[in-house]
Structures are given as C-alpha cells and as structure tokens.
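Heads up: the structure comes next, in structure tokens.
Because the structure is a prediction, the values reported are computed rather than measured. Every chain is numbered from 1 and lettered A, B, ... according to where its sequence line falls, protein lines coming before strand lines.
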Number of protein chains: 2
Amino acid sequence: MSKKPDIEKNESTEEKIKEAARAVFTRKGYAATRTRDIAEESGYNLALINYYFRSKEKLYDIIMLEHLQTFLHSIMDILNDADTTLFQKIEVLVGHYIDMLIKNPALPLFIINAVNADPDKLITGIGADKIHQENLVIVKQWKEVAAAKKLAIHPVHIMMNMVSLTIFPFMGSPLIRNRTKLSIEEFNALMLERKKLIPVWIKAILNAEV
Amino acid sequence: MSKKPDIEKNESTEEKIKEAARAVFTRKGYAATRTRDIAEESGYNLALINYYFRSKEKLYDIIMLEHLQTFLHSIMDILNDADTTLFQKIEVLVGHYIDMLIKNPALPLFIINAVNADPDKLITGIGADKIHQENLVIVKQWKEVAAAKKLAIHPVHIMMNMVSLTIFPFMGSPLIRNRTKLSIEEFNALMLERKKLIPVWIKAILNAEV
DNA sequence: GTCTATATACGGATAGAC
DNA sequence: GTCTATCCGTATATAGAC
C-alpha cells in the first residue's frame, strides 16, 4: 500500500477552501462576500486563502470558470451529435439542463451576474467562438426544419424560448416559491415535469399560426 | 411670475443624486457600488449623499422600492379588470412588460438579486399579499379556462411560461447579443415582435397535446 | 501547513470651513 | 447647500511564529 493515510477520503485543505468559496461566492456574489466568510465556511484560517490562492479575485476566477464549465459541459457533444434529430437534441438538452439546475439552482444567476459585471472576461472564457460555428449539426438541422415549415419568425426566438422556459423558473424560484407556497420538493417536481413539457411546447410553438 | 428661477428645468441636487444612484445601483448592485461612484456620477461631492440621504443603505432602499413600483405599476389594474378576457389580459400584460423592459432592461436582474439578497425585505415590500388574492378576476378566469380544457398541467407552469418568455431574454441580453451579433436596435425589434408572439405561443402551449 | 498578529488600503460617514 | 479634510471601521493581504 502507498503511504497515503486512510483518511484519504477527506479532501485537501485547498479543496475544502475552494468548496467554501464556491458556496459563498455562488450565494452572495463577488462583491458581497468577504474572505472572512470563506475562511469561516471552510473551517480554516483567513490567511490560508491567500496562501493557497494568492487573492480573493484569483479564487473567484477559478470558481467562476468552474461554474461556466459545469454550465456548458457536454453541451457541444449534444449540439453536434449527428445521430440525433433536432427534436431529440432539444429533449436531451432541456433534460440535461433541468437535471443540472436542480442540483445547482443558483448557477444561472451567478453566471448572468458575472457576464454583467465583466462581459469580455466571461465571453472569451466561454470558448464561445466554437459555439457560434455555423456548421454545428443542430444549426443545419434547424435550417432544414425552418425551410420546411417556411417559418416567418426569427430563429433566435426559438432559442430564446427554449432557454427562457428552461432556466428562468430557477432564477425566479425564491419569488415563485414564496408566492405559490410550494416546497422545494414540490418545486423540483414541477421542474422535472418540464423535462417532458418544454419540448412539447416548443413543437407547439413552432406549429402555431402567427 | 413666481420667484422660481428660469433654470427650473434643472432638477434639484437631491434628485440628481438619486438619479445617479439609480444608474449605478442598477448597473452594479448594492455591494459593488461605492458611494464615491454615485457622487462622481452625480457631479456632486460625496458628502452630499449623506447630507440628503443619511446613508448608502437608505438611498439604496429608496431606489429599490422605486424599481419595485415601476415593475408592478398598474399590473393589479390589468389583473383585476372585469372588462377583459383572460387572453386579452395576457396580451396587455406581455405588451406592458415588454415596453417597460425595453426602457429599463436591467430591472429584472436588479430585482431578482434584491430578492436573493434579502427575500423578506422585498417580498413584504411588494404588497405581495394583495397579488395572491384568490379572488382576482384573472384567477377566476383562469380557473374557468382550465376547467373547460380539463388541463392536466399545473397552473403555475403557465404563469412561469408567460413570465419566462417575457422577461428572460432581457436578462440574458448581454450574452444573447454577443452570441448573435445583434445590435440593441435589432434586439429591441425582436422583443417588440414578442408582444404579438408570446400570447399566440401561450395559446399554442395551452392546446398542446401532452 | 496553519495559526496569530499586523500592515495597508479602502469605503462609509462626519466635522467644520465657506 | 456644498465643499475639503479626516475619522474610523472593516476587508484584503502579508509577516512571522509554531
């Protein structure tokens, strides 16, 4: 056996601080979190934050990029899958995001605020160039469908609809839950329903008379 | 004529500071704005902020409540209008909000962040009690439609859909505009299209086979 | 690596001159 | 009412002991 201690399951101090930072930054945003909050949440001393991460901002950047990665993870594979139809992609995409958002409901607000605070930083970090490729499989498939249906509406409407219907309820959940008196479990159950519903609705929207 | 000076069109110092505060708070949020930013934006000195508003937080509260009022202004009248049908209400509501959001696109993010930072403060300030009344005209109308259509889906889905489709694109606009290379004018034109489209889509959703 | 103590900077607020 | 100068708490960051 190696010399690694059998308390190996405990993460390193560095990792614990990062987790604490993720928790606090995600909840309160950059400006409102104090390094002291992170230290307290981690169980370690304030000085260790700088020892491991040099500065609050560097630590924040790490968390931000990780969140971005979580948010975009595997989406390119879905968008570029030659073996699925457009509507299958929509189903997979919506399902993927709802599962992810139930685990991580604060993510969209965090990311939108980050983009708002410093658009360039995020948008370049996004690897966004790749995403806008005109030769993504989904874009080609979309063009075929649009041509077949002789759609008069701008394609970004459909994209916005899909994203809006999927993501917004999570951003509004504090207000929605307060107004509706739904528990978190009931709310999440509704979100899971939307995995089936949103693709159906998107189809209905595409077929709607305008 | 009165003794008022003919430079009357210039607002008072107090009002100018409030406008500056509105601009900065709305753009950067509470924690990230410094009173010095507001002073600079207003053209006046830092000390005057405290002279007129006592503290950063009191000034923020004023801005926040004004924004909330803008956001909810006249919505109760629409919701409670006995002379319009349910779908007319949806049309009016969506149109009202899109017009308002084109003028004030940063509002939803500001409000959601405010709710997030301090749920109780906002939710009580909202006069939220009134909004949840079961005897609003729109609620009654909704129940009739739901009964007639024997809808299997939870009514909050429909509410979430309407709000999501209307509001989210504005919150995501920095990212959307970057990805699509749309100008602000083009983006706003799309939003205006949605005044007609969203009600149609809501109907389509209501009639969709599930 | 982890702590305590401290340097240094920044931001909100006020005193006091004009 | 408006300004300059300054106070003082708080937050980030670092020095240095263990």
Protein-nucleotide distance (A:Tyr44, atom OH; C:dT4, atom P), rounded to Å: 14 Å
Near-ring test A:Tyr97/A:Phe71, centroid separation under 6.0 angstrom: yes
Protein-to-nucleotide contact annotation, 5' to 3' order, nucleotides 12-18 of chain C [B base; S sugar-phosphate only; - none; under 4.0 Å, heavy atom]: BBBB---
Residue list, side-chain contact (heavy atoms from CB on, under 4.5 Å) with B:Asp99, at least two apart or on another chain: B:Leu192, B:Lys195
For residues 163-174 of chain A, dump all side-chain donor-acceptor pairs below 3.5 Å to protein atoms at least two apart in sequence or in another chain.
unit_1   : atom_1 : unit_2   : atom_2 : d
A:Ser164 : OG     : A:Met160 : O      : 2.6
A:Thr166 : OG1    : A:Met162 : O      : 2.7
A:Ser173 : OG     : A:Phe170 : O      : 3.3

Any B:Tyr52 side-chain N or O less than 4.0 Å from OP1/OP2 of D:dG1: yes
Six-ring centre of B:Tyr52, B:Lys58 cation under 6.0 angstrom, axis tolerance 45°: no
Residues, nucleotides or ligands: over 12 heavy atoms within 6.0 Å of A:Gln69 CD: no
For atom CD1 of A:Ile49 and atom P of D:dA13, their distance in whole Å: 9 Å
